[in-house]
Amino acid sequence: MSSKLAQSAISTSFIWNFWAVVFRRIINVIAIPVIARLVSKEDYGNIQIIISTFMLLAVIRNSGFNDYFIKEADDRDKKFFSLFVNTMYLNTFVIAVIFIPAVGIYSYFNDVSSIYTYLVLIVVLLFINVGEIAGETYFRQKVCFKNIAIAGSIKILSYPIFTIIFLLIRPDLFSLFAAFALSIVAEIISYFFFLPDNKVFLPDIKKMTEGFLLQFKERVFCFSVSAGMFISNFNVSFPIYLFAYAFSAEHSAQYAISAQLVSIPFSLIIDSLSKVIYPVFIKQNEEERRRFYLSILKFFPFILYPMLLWIMIYAEGVVSLFLGEKWIDVVPIIRIVSIPVFFNVLSSPLGPVATALGKPHYRVLWSGGSVLLALLAGSMGLQFGFLWGVASVISSRVVTLIVWQVVACRMINLSHFKLAVQLIPYVPFWIMLVVFWIFFPEVSSFPYVRMFVSGTVGMLIYFLLFMLFFKNDVMQIKKLVNDLFKKKVFE
């Protein structure tokens with residue numbers, strides 16, 4: 001692929017990925033409140049445990065070989081793709097042999113009988129999910145995110161539809177699990193229509209062996225990628241397991257739904273860049289990476305900080321409106337879990353930089369340290385109750401995010417003074433927003449009117465003042481957005 005064609009493919013991929021993420025978040029905003037009202041807290045917590053376990057096992061199953069395929073495969077090499085697919089089949093079988101007895105032994109000594117069957121069934125889902133990962137990997141290798149976006153959108157749309165239908169018939173954990181399984185099947189079927197040759201999905205013992213040996217030969221690369229992904233995913237899902245073990249599935253549900261609600265505005269912007277920003281950083285030199293990161297640094301906090309502040313201040317109204325009175329006890333949790341997102345907004349674009357610079361182990365070490373510190377802090381905080389446990393875990397996240405920010409800035413030789421210069425002028429405007437929203441008077445007897453009127457008026461004043469005092473910054477943000485969508489940033 002020529003340089004010009006590669007640039008065009010990457011930039012087109014960004015646009016497709018962006019709109020796929022927007023669509024996914026819109027569906028989440030609609031689906032989460034409906035599902036939260038239909039299902040019990042215990043079942044919501046249990047399905048989060050099941051899905052988190054599935055995601056972690058999927059990382060082990062892929063074992064970094066999907067990234068190796070993207071890195072090494074020739075576009076015409078169907079045999080290599082077949083080796084990759086069959087290796088995942090074999091890895092899933094190995095996982096089943098180890099995981100199912102391990103869960104059985106654990107359930108014998110601990111009360112997880114309510115989800116034991118589903119934990120076993122996720123191994124079956126791992127076999128089915130091979131088609132999803134294979135399809136996504138195939139099109140990632142060809143830098144064709146259009147098909148990935150379409151297939152992913154089908155999955156994200158089918159999950160809430162199946163969930164709501166099943167919950168109306170049978171409101172329990174079985175309906176949640178069945179909807180999750182069928183959404184995976186829907187995505188796989190869509191990939192079958194896009195792939196030129198579906199015969200590669202047929203299991204082949206000989207190719208399983210060849211692929212496994214090849215994977216073992218490339219164990220350093222595959223293991224480093226797999227370990228990084230596993231630890232990163234576990235870092236995110238760790239509190240769900242911790243609170244379920246220390247308290248109950250209900251407490252896991254409270255933490256999970258709070259994190260999901262807070263992450264909606266954050267992931268809308270970050271996720272649209274995360275999958276396709278890596279090729280940009282690879283092509284850029286050190287100075288270009290610095291400039292690009294500083295441009296993003298103007299854009300992300302400018303948009304996301306006001307959203308996060310609004311959610312924190314009006315958390316009670318947001319929960320009451322979107323989740324219902326049943327979930328009103330998550331209000332303090334939402335305010336707590338919002339805090340590290342402020343730091344994550346700054347550091348999240350730096351992950352691809354570490355990989356682009358050939359230092360993915362930095363991220364592995366950071367994620368591992370984050371898990372260990374969260375375990376230590378959480379264990380101490382849990383002695384004083386659930387909220388103290390949440391606050392302790394979140395405090396450890398803040399510490400590790402600050403450390404990651406320091407390390408990542410050193411990788412691109414960005415001084416902390418220059419970083420502060422980018423943000424300090426904005427602080428008075430964020431303080432102004434907080435004061436405005438806190439003291440905004442009641443304008444109607446109808447619930448939620450104050451929340452939305454003050455939010456709209458406050459944001460309008462915020463943007464007008466920004467344009468007045470930071471006209472150059474607004475122009476730079478506008479240029480970044482235009483360049484992304486007009487494909488100039490990739491050239």
S.K.: So, taking the atom named CG in L323 and the one named CD in Q260, what distance separates them when rounded to the nearest 0.5 Å?
M.R.: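 If I round to the nearest 0.5 Å, the distance is 9.5 Å.
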S.K.: When you compare the side chain of K155 with that of I184, does any pair of heavy atoms fall below 4.5 Å?
M.R.: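 Of all side-chain heavy-atom pairs linking K155 with I184, at least one is under 4.5 Å.
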S.K.: To the nearest 0.5 Å, what is the distance between CD on E187 and CG on L157?
M.R.: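 Reported to 0.5 Å precision, the distance equals 12.5 Å.
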S.K.: If only atom types and distance count, is the side chain of W310 paired as donor or acceptor with the main-chain N or O of M451 below 3.5 Å?
M.R.: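 Indeed, once roles are kept as given, a pair shorter than 3.5 Å links the two residues.
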S.K.: Quick check against the 3.5 Å criterion: does T400 have a side-chain atom that pairs as donor or acceptor with the backbone of S370?
M.R.: no
S.K.: With a 4.5 Å heavy-atom cut-off, do L321 and F452 have their side chains touching?
M.R.: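 They are in side-chain contact.
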S.K.: Examine F54 together with F180 and report whether their ring centres are nearer than 6.0 Å.
M.R.: yes
S.K.: Rounded to the nearest 0.5 Å, what separates atom CZ in F429 from atom CZ in F466?
M.R.: 6.5 Å
S.K.: Side-chain contact, heavy-atom cut-off 4.5 Å: V435 with M432?
M.R.: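 They are not in contact (no side-chain heavy atoms under 4.5 Å apart), so the answer is no.
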S.K.: Can you see which heavy atom on R450 is nearest to which on I438, and at what distance?
M.R.: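 Of all heavy-atom pairs spanning R450 and I438, the closest is NH2-O, 3.0 Å.
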S.K.: Decide if the gap between the ring center of F436 and the ring center of F440 is smaller than 6.0 angstrom.
M.R.: yes
S.K.: Just by distance, do the side chain of K326 and the backbone of A36 share a donor-acceptor pair under 3.5 Å?
M.R.: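 Side chain of K326 to backbone of A36, a donor-acceptor pair under 3.5 Å: yes, one is there.
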S.K.: Within this structure, what is the CG-OG distance for the pair L372 and S396, rounded to the nearest 0.5 Å?
M.R.: 10.5 Å
S.K.: If we only count heavy atoms from C-beta on, is the I336 to L387 side-chain gap below 4.5 Å?
M.R.: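 Yes - at least one pair of side-chain heavy atoms lies under 4.5 Å apart.
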S.K.: Please find the pair of heavy atoms, one from A315 and one from V331, that lie closest to each other, and give the distance.
M.R.: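 Heavy atoms only, the tightest pair is CB-CG1, 3.9 Å.
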S.K.: Any side-chain donor paired with an acceptor under 3.5 Å for S454 and Y314?
M.R.: yes
S.K.: Would you indicate whether the side-chain heavy atoms of E250 and F243 approach each other to under 4.5 Å?
M.R.: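 Sidechains of E250 and F243: no contact.
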S.K.: If you look at every heavy atom in N46 and A249, which pair is closest and at what distance?
M.R.: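 Heavy atoms of N46 and A249 come nearest at OD1-CB, 3.4 Å.
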S.K.: Is there a side-chain contact between R397 and N235, using heavy atoms and a 4.5 Å cut-off?
M.R.: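 Side chain of R397 against side chain of N235, heavy atoms only: contact under 4.5 Å found.
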S.K.: When you compare the side chain of L173 with that of I50, does any pair of heavy atoms fall below 4.5 Å?
M.R.: yes
S.K.: I'd like to know whether V390 forms a side-chain contact (heavy atoms from CB on, under 4.5 Å) with F386, so could you lay out the CA-CA distance, the side-chain angles of the two residues, the decisive distance to 0.1 Å, and finally the verdict.
M.R.: CA-CA 6 Å; V390 174; F386 174 54; 3.7 Å; yes
S.K.: Are the side chain of S175 and the backbone N or O of F166 linked by a donor-acceptor pair below 3.5 Å?
M.R.: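 Yes; at least one donor-acceptor contact below 3.5 Å.
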S.K.: Between S248 (side chain) and A244 (backbone), is there a donor-acceptor pair under 3.5 Å?
M.R.: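 No: the side chain of S248 does not pair with the backbone of A244.
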S.K.: If you look only at pairs with a residue in residues 166-184, which of them pass as a salt bridge (charged side-chain N to carboxylate O under 4.0 Å, His left out), with sequence neighbours excluded?
M.R.: R170-D172
S.K.: Distance-only, no hydrogens or angles: does the Y462 side chain make a donor-acceptor pair with backbone N or O of W430 under 3.5 Å?
M.R.: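 It does not hold such a pair.
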S.K.: With side chains defined as the heavy atoms from C-beta onward, is the minimum distance between M55 and S237 less than 4.5 Å?
M.R.: no
S.K.: For a quick test of reading the model, state the closest non-hydrogen atom pair linking L125 to F177 and the distance between them.
M.R.: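 What the structure gives for the nearest pair is CD1-CZ, 3.9 Å.
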S.K.: Between CD1 of I333 and CH2 of W327, what distance do you get to the nearest 0.5 Å?
M.R.: 9.5 Å
S.K.: How many angstroms lie between atom CG of L382 and atom OH of Y245, to the nearest 0.5 angstrom?
M.R.: 11.5 Å
S.K.: Are Y448 and S320 linked by a side-chain donor-acceptor pair shorter than 3.5 Å?
M.R.: yes
S.K.: Angle between ring planes, F234 versus Y241, binned at 30° and 60°: parallel, tilted or perpendicular?
M.R.: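 It falls in the parallel class, under 30°.
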S.K.: Within the side chain of R37, is there an N or O that forms a donor-acceptor pair under 3.5 Å with the backbone of F322?
M.R.: yes
